[in-house]
Amino acid sequence: MNYQAVIFDLDGVICHTDNYHYQAWKQMADREGIYFDESINSRLRGVSRMASLEIILERAQRTYTAAEKEALAAEKNEIYRQLLMNMSPADLSQDVAATLRQLKDAGVKIAIGSSSRNAKTILRQIGIFDWFDAISDGENITRSKPDPEVFVKAAGILGLAPSACLVVEDADAGIRAAHDGGFHSAGMGDACGNDEATYSIIAFHELSDIVLGKRMQNGPVTE
Ligand code: BG6
Ligand code: MG
């Protein structure tokens, strides 16, 4: 099927800031003496900053007040933003850049649907802020993935129905959000093989064939 728009998650899809999130949380957790590893980190994909902190604090030895939690989240964000300042257009892969251009040239709208409040900073750092027709991010939502709000708002800015848009995600929470919002989705990275995803992709450029209608969805074709 053809899609009129593609809504991309950012962290772990357009660029590898997912690793910076891990490094920043790890520094905070180590200093605080809280156990944290890659497998706990994978539960944070697509989840808002404060909800991520709550998951990390499941392993804490004591309870934290609301003010302490605010301070820990702010500390992590400071470390994270320092890491982001090292990003440049060199952090945009050839595969992602060429695919986005190909979609735009074919008249397909492109949008961001990210839980991050740092999304616009990242897009500016890697030089593609003005490539997008819509940016829906942590600043315009009240509910984080797996709630569909961020994608529903992106589709709303584009003026399109969810059924006309494909969501691209590396998080199980994001695939659930797409599914519940009535969007088809492509799962990659951690979400490659997710049963709720319409497609699974290994390489970003596979999206061109999917969006332009040259590739069928996973499993039985229903339309
Ligand atoms: C998502 C990431 O894109 O943004 C999560 O997958 C992160 O790991 C969330 O917690 C919020 O990001 P930020 O930049 O607002 O702390
Ligand atoms: Mg992601």
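Quick caveat, the model's predicted, so the values are computed rather than measured. Start at 1 and go down the list; that is how both ligands and their atoms are numbered.
Under the 4.5 Å side-chain criterion, counting only non-hydrogen atoms from C-beta, R81 is in contact with T121.
Checked options D9, D172, D170; the residue passing with R45 is D170 (criterion: side-chain hydrogen bond (donor to acceptor under 3.5 Å, both in side chains)). For the side chain to side chain contact (heavy atoms under 4.5 Å, CB included) with E206, the qualifying choice from D95, I201, T99 is I201, the only one to do so. The side-chain hydrogen bond (donor to acceptor under 3.5 Å, both in side chains) with D11 is formed by just one residue from the set T17, N118, N19; it is T17.
In terms of protein heavy-atom proximity, atom 6 (O) of ligand 1 is closest to G46 N, 2.8 Å. With respect to atom 10 (O) of ligand 1, the closest heavy atom belonging to the protein is V47 O, 2.6 Å. Protein heavy atom nearest atom 2 (C) of ligand 1, with residue, atom name and distance: D11 OD2, 3.4 Å. In this structure, atom 16 (O) of ligand 1 lies nearest to the protein heavy atom R49 NE, 2.7 Å.
Near R117, meaning under 4.0 Å from one of its heavy atoms, ligand 1 places the atoms 13 (P), 14 (O), 15 (O).
With sequence neighbours left out, the ring pair (Phe, Tyr, Trp, His ring centres under 6.0 Å) criterion links F8 to F204.
For L44, the heavy-atom gap to ligand 1 drops under 4.0 angstrom. Under a 4.0 angstrom heavy-atom cut-off, S52 registers as being in contact with ligand 1.
The option with the heavy atom closest to atom 13 (P) of ligand 1, from among S116, A173, S114, is S116.
Protein atoms that are N, O or S and lie under 2.8 Å from the Mg ion (ligand 2) are these: D9 OD2, D11 O, D170 OD1.
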